[in-house]
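Written below as structure tokens is the structure these notes are about.
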Protein chains: 2
Amino acid sequence: MARTVGQSAAPPRPARGRPAGTGAAAKKRVAAPNGETGTKILDAALNLFVQSNYWSVTIKDIGRATGLNTAMIYYYFQDKEDLFRATVERAVKHAFVEFETRTNNTQSAEEVISGWLDTHIEQLDLIRKFVKISLDYASSNNRIIRIDKAISAFYDHERTILTAAIKSGIAQGYFRLVDAEQMARFISTFLDGVMARSMVLPKFDAIEAINELRGYILGQLLI
Amino acid sequence: MARTVGQSAAPPRPARGRPAGTGAAAKKRVAAPNGETGTKILDAALNLFVQSNYWSVTIKDIGRATGLNTAMIYYYFQDKEDLFRATVERAVKHAFVEFETRTNNTQSAEEVISGWLDTHIEQLDLIRKFVKISLDYASSNNRIIRIDKAISAFYDHERTILTAAIKSGIAQGYFRLVDAEQMARFISTFLDGVMARSMVLPKFDAIEAINELRGYILGQLLI
DNA sequence: GTCTATAGTCGGATAGAC
DNA sequence: GTCTATCCGACTATAGAC
């Protein structure tokens, strides 16, 4: 984000509380978080992070939500940031699975685009969670390559699917000759707006907005 | 935001650190924050809140940024939350001033709508700040009536201007007969998407996106 | 109005028993 | 794998001198 005032960028402050790496432990995660407990922690953490935000949720909150002792969190994850990273990656993976299921069988270009919007309606909560934690992560000033990649992967995937569908529709003579990349970006940006606005204004009707988008888009595309 | 998991909503936790109202002070703000120093604090606070977020910014950060002692913050504001409230209200007020200046002299309906987009391009940074702190506030789970009102006022103002312009254009025969409310919501939602996406993806070209929106909108409206 | 100093509290992370 | 107990640091807010 552009900074307009001549303040020096704040370097990432170390987390509050006892500094990590103080003790003698070798600092390796003992268990891969794929078992029952690790997954339970990830699910609870995601919901807590989404309900408020990364900085407001404490390790003790996650312990309470899972019925686990706080020390258990550190048995499965290196630290709070590592837990957040795993949470983001898991959310993206979930969203992907839904998307792939949707776009798996070959469909007409119009069905792909409309199906994409349907996915956003059906998976509204999941995608809003993804956007929410992406926004939180963006304001953390602490880049983590794996998280950057997970977020980019989501948007790249979206762009790829939409662009291909639009180009295909044009090639087959169903769609008007539009700039496919631009149109895909337009759809994607609007969908982000739906997610953002439904966070800020609880009365906002996200489904209605998506359906209105569908009308505009198809009106533009269909010959 | 809808909660899908059966966890009880976390009640707002009291702020960390020493509890407010512990001491004997009468707890009234001594000075109205309109003087030089109060304004300086507000400006610095806004920029810091936007650069990262409410929970990561400390009173000491604001002290450093202003060159003031931390105790001075509490001389001008009741507590951190009160400072945040004043910051939001100030940002909204700023944005309003810009908008009013723009929409002051009578113009054609097309000019009003296009001018609105121009305002978003020219005041991109200011409006993004507003959206950013609105999003942060939305995830605070701690409603403050004055902040709710300030945020709603912004969106209501936007809706009013756009709807009126579209209706006027229709009445005067320049625009197609569209649902004015729906179209205004569409524009407004897309603009939110532009702001959100430019936070998440630094490479995103917000100005280009707004100009593309202009093309779509005028294409829809103009006969 | 501005500062120094510090109280009171909370949260992240660890050690080590079982 | 799970828990108890606790350390250490960071934070908000205050008291009170000047």
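Sequence lines set the chain letters: A, B, ... in the order given, protein chains first and strands last, and positions in each chain run from 1.
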Write down the protein N/O and nucleotide N/O pairs, taken from nucleotides 2-4 of chain C, whose separation is under 3.5 Å; answer none if there are no such pairs.
unit_1, atom_1, unit_2, atom_2, d
C:dT2, OP2, B:Tyr76, OH, 3.3
C:dC3, OP2, B:Asn69, N, 3.3
C:dT4, OP2, B:Asn69, ND2, 3.1

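Of the N and O atoms on the side chains of B:Asn142 and B:Tyr137, not one donor lies less than 3.5 Å from an acceptor on the other residue. Counted by atom type alone, A:Arg197 and B:Ser188 present one or more donor-acceptor pairs between their side chains at under 3.5 Å.
For the side-chain hydrogen bond (donor to acceptor under 3.5 Å, both in side chains) test, no residue two or more places apart in sequence or in another chain qualifies with A:Ser152. Every residue was checked against the side-chain hydrogen bond (donor to acceptor under 3.5 Å, both in side chains) condition with B:Glu181, not counting sequence neighbours, and none meets it.
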| task | Check the pair A:Glu208, B:Arg185 against salt bridge (Lys or Arg N to Asp or Glu O under 4.0 Å), reporting the backbone distance first and the verdict last. | result | CA-CA 11 Å; A:Glu208 191 186 351; B:Arg185 201 166 47 227; 3.3 Å; yes
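Rounded to a whole Å, the CD1 atom of A:Ile73 is 15 Å from the P atom of C:dG11. As rounded to whole Å, 12 Å separates atom C1' of C:dG11 from atom CD1 of A:Ile62. The interatomic distance linking B:Gln78 (CD) with D:dT14 (C1') rounds to 14 Å, in whole Å. For the pair A:Lys40 NZ and D:dG1 P, the interatomic distance rounds to 13 Å; values are reported in whole Å. Distance, A:Tyr74 OH to D:dC7 P: 17 Å, rounded to whole Å. As a whole-Å value, the separation of B:Ile59 CD1 from D:dT14 C1' is 13 Å. Computed from coordinates, the A:Phe84 CZ to C:dA13 C1' distance equals 19 Å when rounded to whole Å. Distance, A:Asp79 CG to C:dG11 C1': 14 Å, rounded to whole Å.
Judged by atom type and distance alone, A:Arg16 does not reach the base of D:dC11 through any side-chain donor-acceptor pair under 3.5 Å.
In this structure, A:Arg85 pairs ionically with A:Asp82, as a charged nitrogen and a carboxylate oxygen lie closer than 4.0 Å.
Both A:Lys60 and B:Ser56 lie close to DNA chain D; mapped to their nearest nucleotides by heavy-atom distance, the more 5′-ward contact belongs to A:Lys60.
Within the cation-pi definition used here (under 6.0 Å to the ring centroid, within 45° of the axis), B:Lys80 qualifies as a partner of B:Tyr54.
Side-chain N/O atoms of B:Lys80 include one lying less than 4.0 angstrom from OP1 or OP2 on D:dT12.
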